[in-house]
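Everything below concerns the one structure shown next.
One-based numbering along the sequence shown. Values below: every heavy atom of this structure, side chains too, minus hydrogens, waters and symmetry copies.
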Amino acid sequence: MHLHSIRKIVAMLLCITLCCSCASHSKSSTPNSACQEFDRFSSNYFDHQMSGNGFQLHFLLSDTSKYPDAVMSLGNYSYDLMKASQQGWISEIAALKRIPYASLDVKRQQTYDVLMSYFQRKLDFSDLCLCTQDLSPTLGIQSQLPVLFSEFEFHDQTDIAHYFSLLQSIPDYFQGIASFQKVKATHHCFLQREVCEKIIAQCKGFAHPSALSDNILITSFDSRIHGCDFLSSTEKKIFIQKNREIIVQQIFPAYQNLADTLSTLMVGGACDKINGLCTVTGGKDYYEYLVRDYTGCSKSVSEIKSRIQTSLLSDVKQLQSLLSKNPELPNQLEHSRNSSTPTQIMKDLSQKITSDFPILHNIPFSFKSVNPTLQEYLSPAFYITPPLDNPKKNIIYINPAKTEELYSVLAHEGLPGHMYQNAFFAATKPPKIRYLLDCGGYSEGWAVYAELRSYSYHFPETNLSELYRIHSSFSLALYCLCDIGVNYEGWDYSDLKNFLSDYNISENVICHQIFEAVIEDPANYLKYFVGYLQILDLQNYVREKSADTFDIKRFHKALLTIGPADFDVVKKWILYEYEKKTG
């Protein structure tokens, strides 16, 4: 499973380190000035976030000259800041409500709805923050930060100076994370033992002297510095040496100190959580919050579970029907692997998706391989969103240690998945504030939707493509139901095994992998599959409303034009965009 979005870490940093409000407290505007006031609010919010955290600034913009006083730090990882974040969201909501909605044009009304929904979704975090799990083997801060630092662009010496400042802020940031783990342990909200052991091993492996020559923070920096034409050969050597000294003297110790803190807490008995999130104080409430936040779906967990069960039952019936007509079909799976190169696959996809999706010509992209020191932990593949002012820098990482079937992976990450969705939305010229909002259910739901549609492009034989699609949908549904069972309903490992045995899954290795996966990253699978189901439901909604005139390409265009948002907002605007006349 390639269930991973590299932007998650940036959104997390935004919530934790920039919780203070930037809301304007000006008097209510007249209707004639509503648009200007809304634009001012949006611009001020964006500028405030960019100035407050240099890491996000460099991730979102190549040209950072507009923010000369931006703080070059990852920010403060603090329990007190997390608790204080609620007031920040309340202030933003109050400022937004002072703007006359009815006086805004349609485009601004859409953005207003997206912002209001997002702010309200984030509001409950501070009351539940003790349960937050920002350390995990695959999606945790400690595993994703090195990849993001490896993509830091150097346009001049100022960028290099900023890079070193940000890199040197990691020890303090990790110290904040370590202190937070101690608070979590005191309140019986610490990591599960096996998860903790994995993170400890990961940190120690990353910081081991033997990994220095292959470390991504070394190899990627050296490569980028060698490509800096504005540096002399002497300057390049100086910077390369400085980077190595920071890695050895500051970054490696920071990772080791985090590992030591986790080890001490684990040995001291902090790992009293043996099962899912609901077994810790406040864990069930936090899981409900996570599901809302991750999926962008306002339905309750029980309603979401019912929708997943309906999908699972449908998949089972379709599978039975398919196999009754062609019982030899599963044997064809063994001979259906695609041996094409990533570039060949992307070319094939770019040609075949044009019948279903609006045409986007020549989206530039490049492939990179996951660094050897991170291959054991990172996902099979992931897409890195380009800076707003450099849309050509689309990068898809492939993990050679985990990737087997590339066609569907590249459909998910590339065309018509993440890269295509991002490029289409950017072409609509949305306000910059939209890029600060984490709407994982929409983004990952779209990628799964693209992935499952790709089987029809990959396999000309319809029954085989349907078998793959059903298998993927069925597997995701099972994972989601296990996630809910373990993290919300309190299943232990035997409960999970009993559930899976009803679907002829009994191997201990597989059952244990699923158990570990849902404990490591609660609600993560729901982000993908519930997002996908919401898109299917939207499609059925538009199909019913448009009767015999439904057109799949128009639906895709409407959904992509609205862009990442919570699904209540998308549903509000989908018919407007679908029915809109285009010149």
| Does a salt bridge link Lys393 with Glu151, judged by any charged N lying under 4.0 Å from a carboxylate O? | yes
| field | Ser379 to Lys402 - nearest heavy-atom pair and separation | value | C-CD, 4.5 Å
| said: Please find the pair of heavy atoms, one from Asp483 and one from Pro522, that lie closest to each other, and give the distance. | reply: OD2-C, 3.9 Å
| said: Are the side chains of Phe499 and Cys482 in contact, using a 4.5 Å heavy-atom criterion? | reply: yes
| remark: One should read off an interatomic distance between Glu577 CD and Lys557 NZ, to the nearest 0.5 angstrom, of 9.0 Å
| message | Could you tell me if Asp551 and Tyr578 have a donor-acceptor pair between their side chains, going purely by distance under 3.5 Å? | response | no
| message | Does Val195 form a side-chain contact (heavy atoms from CB on, under 4.5 Å) with Gln133? I'd like the steps, not just the answer. | response | CA-CA 11 Å; Val195 176; Gln133 294 182 251; 5.6 Å; no
| said: Under a 3.5 Å distance rule, please check whether Ser321 uses its side chain to pair with a backbone N or O of Lys317 as donor and acceptor. | reply: no
| task | Please round to the nearest 0.5 Å and tell me the distance separating atom OG1 of Thr385 and atom CZ of Phe59. | result | 5.5 Å
| Residue pair Thr111 / Pro430, side-chain heavy-atom distance below 4.5 Å | no
| Should Met82 and Tyr77 count as side-chain neighbours, where that means a heavy-atom distance under 4.5 Å? | yes
| For the side chain of Ser43 and the backbone of Asp39, is there at least one donor-acceptor N/O pair under 3.5 Å apart? | no
| task | Classify the ring geometry between Phe125 and Tyr289 as parallel (under 30°), tilted (30 to 60°) or perpendicular (over 60°). | result | tilted
| field | Nearest-0.5 Å distance, CE of residue Met419 to NE2 of residue His412 | value | 13.0 Å
| field | Heavy atoms from other residues, nucleotides or ligands near CG of Asn362 exceed 12 (cutoff 6.0 Å) | value | no
| note | When every non-hydrogen atom of Ser443 is compared with those of Gln421, the smallest separation belongs to OG-OE1, 4.1 Å
| request: Measure from the side-chain N and O atoms of Gln192 to the backbone N and O of Glu520, and report whether any donor-acceptor pair falls under 3.5 Å. | output: no
| Within a radius of less than 6.0 Å around NZ of Lys571, do more than 12 heavy atoms belonging to other residues, nucleotides or ligands occur? | no
| said: Please check: side-chain N/O of Ser117 versus main-chain N/O of Val114, any donor-acceptor pairing under 3.5 Å? | reply: no
| query | Would you say Ser42's side chain and Phe38's backbone share a donor-acceptor pair under 3.5 angstrom? | reply | yes
| Cation-pi check, Lys83 onto Tyr79 ring (under 6.0 Å, within 45° of axis) | yes
| said: Please determine whether the number of non-hydrogen atoms from other residues, nucleotides or ligands lying under 6.0 Å from atom NZ of Lys545 exceeds 12. | reply: no
| note | Separation between CG (Leu57) and CG (Asn53), nearest 0.5 Å, reads 8.5 Å
| message | Once you measure the plane-to-plane angle for Phe365 and Phe367, does it fall in the parallel (<30°), tilted (30-60°) or perpendicular (>60°) bin? | response | perpendicular
| query | Could you go step by step and tell me if Tyr468 and Phe459 meet the ring pair (Phe, Tyr, Trp, His ring centres under 6.0 Å) rule? | reply | CA-CA 9 Å; Tyr468 265 103; Phe459 303 108; 4.6 Å; yes
| field | Option from Tyr532, Phe424, Phe357 for which ring-ring contact (aromatic ring centres under 6.0 Å, His included) with Trp446 holds | value | Phe357
| field | From CA spacing to verdict: ring pair (Phe, Tyr, Trp, His ring centres under 6.0 Å), Tyr442, Phe425 | value | CA-CA 12 Å; Tyr442 175 101; Phe425 186 57; 7.9 Å; no
| note | In short, salt bridge (Lys or Arg N to Asp or Glu O under 4.0 Å) pairs touching residues 276-304 with sequence neighbours left out are Arg121-Asp293, Lys122-Asp293, Asp124-Arg292
| Do Leu96 and Tyr101 have side-chain heavy atoms sitting under 4.5 Å apart? | no
| Heavy-atom side-chain contact between Asp348 and Tyr407 under 4.5 Å | yes
| field | Heavy-atom donor-acceptor pair, Ser143 side chain to Thr138 backbone, under 3.5 Å | value | yes
| query | Is it true that a side-chain atom of Ser472 and a backbone atom of Arg469 form a donor plus acceptor pair closer than 3.5 Å? | reply | no
| query | Would Asp389 and Leu60 satisfy side-chain contact (heavy atoms from CB on, under 4.5 Å), going step by step from the backbone distance to the final call? | reply | CA-CA 8 Å; Asp389 52 354; Leu60 290 173; over 6 Å; no
| said: Within this structure, what is the CZ-NE2 distance for the pair Arg554 and His556, rounded to the nearest 0.5 Å? | reply: 13.5 Å
| field | Any side-chain heavy-atom pair of Phe529 and Ser473 under 4.5 Å | value | yes
| said: So Ser298 and Phe567, do their side chains get closer than 4.5 Å, heavy atoms only? | reply: no
| Donor on one side chain, acceptor on other, Gln539 and Tyr449, under 3.5 Å | yes
| Candidate pair Tyr286 and Leu130, rule side-chain contact (heavy atoms from CB on, under 4.5 Å), full reasoning | CA-CA 9 Å; Tyr286 183 66; Leu130 274 173; over 6 Å; no
| Looking only at side chains, do Asn394 and Tyr383 share a donor and an acceptor under 3.5 Å apart? | yes
| request: Evaluate the criterion side-chain contact (heavy atoms from CB on, under 4.5 Å) for residue pair Tyr488 and Lys305; output intermediate values, then yes/no. | output: CA-CA 11 Å; Tyr488 191 67; Lys305 179 181 178 181; over 6 Å; no
| Tell me, do Trp573 and Val106 make a side-chain contact under 4.5 Å, heavy atoms counted? | yes
| message | Please check: side-chain N/O of Ser136 versus main-chain N/O of Leu139, any donor-acceptor pairing under 3.5 Å? | response | yes
| Ignoring hydrogens and geometry, is there a side-chain-to-backbone donor-acceptor pair from Thr132 to Leu128 under 3.5 Å? | no
| query | Is there a donor-acceptor contact under 3.5 Å from the side chain of Gln320 to the main chain of Asp315? | reply | no
| Minimum-distance pair of heavy atoms, taken over all atoms of Ile308 and Ala477 | CG2-O, 3.7 Å
| If every non-hydrogen atom of Gln142 is compared with every non-hydrogen atom of Asp134, which pair is closest and at what distance? | OE1-O, 4.3 Å
| message | Show the nearest heavy-atom pair for residues Cys297 and Val530, with the distance to one decimal. | response | CB-CG1, 4.2 Å
| query | Looking at CZ of Phe474 and CG of Leu313, how far apart are the two atoms once the value is rounded to the nearest 0.5 Å? | reply | 11.0 Å
| Should we count NZ of Lys553 as having more than 12 external heavy atoms under 6.0 Å? | yes
| With Leu277, the side-chain contact (heavy atoms from CB on, under 4.5 Å) member among Leu290, Val486, Val518, Ile519 | Leu290
| said: Hydrogens and angles aside, do Ser314 and Gln318 bring a side-chain donor and acceptor to less than 3.5 Å of each other? | reply: yes
| Cation-aromatic face contact Arg543/Phe550, 6.0 Å, 45 degrees | yes
